[in-house]
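Computed from heavy atoms alone, side chains included, the values below leave out hydrogens, waters and symmetry copies. Just so we're on the same page: letters track the sequence lines, and every chain starts at 1. Being a predicted model, the structure only gives us computed values, none of them experimental.
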Amino acid sequence: MRIRCELILHFLRAQAPDILCLQELKATEEQFVSKDFERLGYIHNVVRGQKAYNGVAILSKIPLNFSQSLDLLGNGDARHIAAELVNGVIIDNFYVPAGGYEPNREINPKFGDKLDYVAAMRDWSRNLNLRRRILVGDLNIAPLEDDVWSHKQLLNVVSHTPEEVNLLLSVLNHGDWCDIVRHDISEGKLYSWWSYRSPNWDAADKGRRLDHIWASRDLVRDDHHSCILRAARGWQRPSDHVPVMAHFEI
DNA sequence: ATGGTAGGTCTCCTA
């Protein structure tokens, strides 16, 4: 996040969202400098930081009633922060574990942690009274065939295995969330992430939709819209993720 | 069939 401060400010000036949720800050709360964000009107900010790894934040122009942070694995990872806006809408911002390379929890404990984390999200979500609530984040899972460049070639690749996909869909369905970006853009391939390891990301276009915005059903109206800012992947010193945006009339 | 890049830091670990 620190190395991408200028990119974030550029995005905020250009798009001026009311709220920006960040994941994988790789910074402590002390290292998270919010003065520049405050200058742009984001004065209601909440951060859950961690040295070198993880870390999540919510930048907001809208006043917040309170914030909280869940530790779903009980290991101290900074992977969630939630805030309630003054209008009563709660935003949950998650950074789901990436899960390592081998999609087998017997030989790769990181994959087991990922499965456990998403299962804990399902149990948490199931007990919510789901109204006026938005869930966003780097969920590190691309659930649909059109969320990856090749469904068949990624079936055994962490982020698109049936085990992960079914777990994520169980969070979505048991909680009765609406995948608002897919609701708004229902047809065709849709990606939010392109690996750094592919030098020609644009031409090769081997992307995945790892970043998501979900909403409780009561917030889903006819007049909202979503978009993914693909162009941001081509900016100077880009992140491998691009902004996913949704507009709500609340 | 394999390796490719990036960031933060413990010169390696995680993504």
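Within the 4.5 Å cutoff, no side-chain heavy atoms of Trp201(A) are placed close to those of Tyr196(A). Under the 4.5 Å side-chain criterion, counting only non-hydrogen atoms from C-beta, Leu210(A) is not in contact with Leu139(A).
Scored by the salt bridge (charged side-chain N to carboxylate O under 4.0 Å, His left out) test, Asp240(A) finds no partners at all (sequence neighbours excluded). Scanning for ring-ring contact (aromatic ring centres under 6.0 Å, His included) contacts around His174(A) gives an empty result, with sequence neighbours left out. Under the ring-ring contact (aromatic ring centres under 6.0 Å, His included) criterion, Trp149(A) pairs with no residue at all, not counting sequence neighbours.
Sorted by first then second residue, the salt bridge (charged side-chain N to carboxylate O under 4.0 Å, His left out) pairs that include residues 135-148 of chain A, not counting sequence neighbours, are Asp146(A)-Lys189(A), Asp147(A)-Arg182(A), Asp147(A)-Arg209(A). Within the structure, every pair that satisfies the side chain to side chain donor-acceptor pair (under 3.5 Å) test and touches residues 99-113 of chain A, not counting sequence neighbours, is listed here: Arg105(A)-Asp116(A). The side chain to side chain donor-acceptor pair (under 3.5 Å) analysis of residues 160-173 of chain A, with sequence neighbours excluded, yields the pairs Lys114(A)-Glu164(A), His151(A)-His160(A), Thr161(A)-Glu164(A).
Per the geometry, CG belonging to Leu210(A) stands 13 Å off P belonging to dA15(B), to the nearest Å. Nucleotide dA15(B) holds its C1' atom 15 Å from the CG atom of Asp113(A), rounded to whole Å. A straight line from NZ of Lys114(A) to C1' of dT14(B) spans 13 Å, rounded to a whole angstrom. As a whole-Å value, the separation of Asn140(A) CG from dA15(B) P is 8 Å. What separates CG of Asn108(A) from P of dA15(B) is a distance of 10 Å, to the nearest Å. To the nearest angstrom, C1' of dC13(B) lies 13 Å from CD of Gln50(A).
Only the P atoms considered, dT11(B) is 22 Å distant from dT5(B), to the nearest whole Å. The separation of dG7(B) from dG3(B), taken at their P atoms, amounts to 23 Å, rounded to a whole angstrom. Remark: the separation of the C1' atoms in dT9(B) and dA15(B) is 14 Å, to the nearest Å. For the P atom pair drawn from dA6(B) and dT2(B), the interatomic distance equals 24 Å after rounding to whole Å. dA1(B) and dC12(B) have their C1' atoms separated by 26 Å, with the value rounded to a whole Å. The separation of dC10(B) from dG4(B), taken at their C1' atoms, amounts to 25 Å, rounded to a whole angstrom.
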Only distances under 3.5 Å count here; give the side-chain donor-acceptor pairs of residues 53-64 of chain A to other protein atoms, sequence neighbours excluded, each with its distance to 0.1 Å.
unit_1   : atom_1 : unit_2   : atom_2 : d
Asn54(A) : OD1    : Arg79(A) : NH2    : 3.1
Asn54(A) : ND2    : Gln50(A) : OE1    : 3.2
Ser60(A) : OG     : Ile62(A) : N      : 2.9
Ser60(A) : OG     : Ile62(A) : O      : 2.6

Worksheet item: Reading nucleotides 3-10 of chain B 5' to 3', which nucleotides get B (base under 4.0 Å from a protein heavy atom), which S (sugar-phosphate only), which -?
Response: -BBSBSSB
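Secondary structure note: stems in DNA chain B built from 3 or more consecutive Watson-Crick or G-U wobble pairs under 3.5 Å occupy B:5-7 with B:13-15.
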